[in-house]
Amino acid sequence: MKSERDRVYIFDTTLRDGEQAPGFSMNPTEKLRFAKQLERLGVDIIEAGFPIASEGDFESVRQIAGEITKSQVAGLCRTSLGDIDRAWDAIKGAAIPRIHTFISTSDIHLNHMLKMTRAQVLKEARAGVKHARSLTENVEFSAQDATRTDRKYLAEIVEAVIDEGAVTVNIPDTVGYAMPEEFGELIAYLFDTVGNIHKAVISVHTHDDLGVAVATSLAGLKAGARQVECAVNGIGERAGNASLEEVVMALETRRDILGLHTNIKTKHIYPTSRLLAEITGVEVQPNKAIVGANAFAHESGIHQDGLIKEKTTYEIMTPERVGVSETNIVLGKHSGRAAIRDRLKKMGFDLAKEEVDTVFKRFKELADIKKEMFDEDIEAIIAEDVFRRAEKYKLLYLSVVSGNAAIPTATVKMEIDGEVAQEAYFGVGPVDATFATIRKMTDTNHRLVKYQVHAVTEGTDAQGVVTVQLRHKERIVSGRGSDPDVLVATAKAYINALNRIESFQMRDDKK
Ligand code: KIV
Ligand code: ZN
């Protein structure tokens, strides 16, 4: 029996704490697409962003608030009244808006960052929550750096904000410093000390600097917290946040000892993880729990033998439970639209009719030059032709001459704002020549932070997927491109990054 008392609320911060990490920037269209997937996954609260950060962030939170109907939509803000008003303006159109306001409470932050006394912070926290409560009943307060805060003072703050009407109080391990047991004790201490604690949901928010974020969050839940703030693929500041999929599957798989449950539809976990990787261009490490490529791969002969005899010998959860498709059916050039549509559905992609048409068209083109098509090929098509459509810049043609007896030269034909342009230039190698030509044509000069090529499937006819990361002001922007020709994939990835920079530029110009 699942009782409401044992229900854990999943607060997803991929679009806020996750997105602020280097290389994970998303534009508003990408954020909205991901928010809709989070809703499908069944998260209770989507933290859509930090509206005061920029006009673009504000707009993006407002857009998500306007489209999400089942999950709550939270906007983050400091405790200053202007910050709170800005967050409220962004989220007030949501079906269930939530103001999430925070201030640091540790002496380290007070002395070096805020230059405030404990009494001043307490007053500020009270005033912030009071103001937020005048706008909505759904107010969450976070005590930043709670795990390095004097316990008695933390308890005082928690009591005060609940007194002002906070319905959720979050205890973050902001710097990933706490050990799981110690964190569990801190939560238990708050339950023992704070007189009005039963009036609020206690939340945990842990970072992975010491690699124990999930364990720390679970310890907090065991001690009585009933909300966990986490991010898909564990992305987030520095080493990341507690990973949503790991927390949820630990709760599911070990319900026997944890006794807790969530409302997450676990079969959407893997598609959500893939969507994030495709949008951001940042791959999940292969050995990542739950969603890594090897998470359900059994290599050793003894293990394989055991699995054939009985799945539970080496499997504590089935791949199907988290949405990993049971078979990677091979499709070919004779596969029809219905087969592709069906495959897309099984892979967890909920695409509009015209998007399915786009995928089908590109699928046919690729299937003509490639013998077999796999799920990974379809994923690469979706990433490129549906999620990352060309905007300002579009590649029309690329030809590269290289070798150990030639000066590597690239000839590029592109559409720039609808006008066709062509140019040839050289470089120290074929990739450098391609980048140099595109840089010249687009009059851009962003520093290349990362260039990575991998094959999406086995075989020498596999599509190459290229990821590039370019530095744009304080951001690192990723671009991705795929093609059976890795140099074409390289040009597409570079152009994709430029298009994404363009969308950030437009956002920043509105500030
Ligand atoms: O890590 C942290 O303390 C945060 C807060 C803003 C909740 O992200
Ligand atoms: Zn955080």
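Order of appearance sets the numbers: ligands from 1, and atoms from 1 within every ligand. Heavy-atom basis, side chains included; hydrogens, waters and symmetry copies ignored.
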Using heavy atoms and a threshold below 4.0 Å, how should the contact between [X] and ligand 1 be classified: side chain, backbone, both, or neither?
X    : value
R16  : side chain
D17  : side chain
E237 : neither

May I ask you to establish whether R86 and F58 are in a cation-pi arrangement, using a distance under 6.0 Å from NZ or CZ to the six-membered ring centre and at most 45° from the ring axis?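 Geometry flag: set, cation within 6.0 Å and 45°.
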Assess R151 against Y153: is NZ or CZ under 6.0 Å from the centre of the six-membered ring, and within 45 degrees of the ring's axis?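 No - R151 does not lie over the ring of Y153 by the 6.0 Å and 45° rule.
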Just which atoms of ligand 1 are under 4.0 Å from any heavy atom in Q144?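 So the answer, numbered in order with elements, is 3 (O).
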Using a 4.0 Å cutoff against the non-hydrogen atoms of H207, which atoms of ligand 1 qualify?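 Going through ligand 1 atom by atom, the ones under 4.0 Å from H207 are 1 (O).
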State whether the shortest distance between N or O atoms of [X] and N or O atoms of ligand 1 falls below 3.5 angstrom.
X    : answer
T174 : yes
E229 : no
D145 : no

Could you tell me whether F191 and H198 have their ring centroids closer than 6.0 angstrom?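 Aromatic pair excluded; centres sit 6.0 Å or further apart.
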Is the Zn ion (ligand 2) less than 2.8 Å from an N/O/S atom of E229, whether that atom is in the backbone or a side chain?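 Of the N, O and S atoms in E229, none lies under 2.8 Å from the Zn ion (ligand 2), which means no.
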One thing to verify: whether [Y] and [X] come together as a salt bridge, which I'm taking to mean a side-chain N less than 4.0 angstrom from a carboxylate O.
X    : Y    : answer
E156 : R118 : no
R98  : E140 : yes
E19  : K31  : yes
R7   : D44  : yes

4.5 Å side-chain heavy-atom contact, Q63 and P28: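 Contact flag for Q63/P28 side chains = yes.
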I need the nearest protein heavy-atom contact for atom 4 (C) of ligand 1: residue, atom name and distance, please.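 Minimum-distance protein heavy atom for atom 4 (C) of ligand 1 reads H205 NE2, 3.5 Å.
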Taking the N/O/S atoms of D17 one by one, which is nearest to the Zn ion (ligand 2)?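 Result for D17 and the Zn ion (ligand 2): OD2.
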Testing D208, D209, D17 for salt bridge (Lys or Arg N to Asp or Glu O under 4.0 Å) with R238, which one passes?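 For R238, the salt bridge (Lys or Arg N to Asp or Glu O under 4.0 Å) test succeeds with only one of D208, D209, D17, which is D209.
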How wide is the angle at the Zn ion (ligand 2) between NE2 of H207 and NE2 of H205, to the nearest 10°?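 An angle of 100° at the metal.
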Looking at non-hydrogen atoms alone, which of S142, G176, G236 comes nearest to atom 7 (C) of ligand 1?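 The nearest heavy atom belongs to S142.
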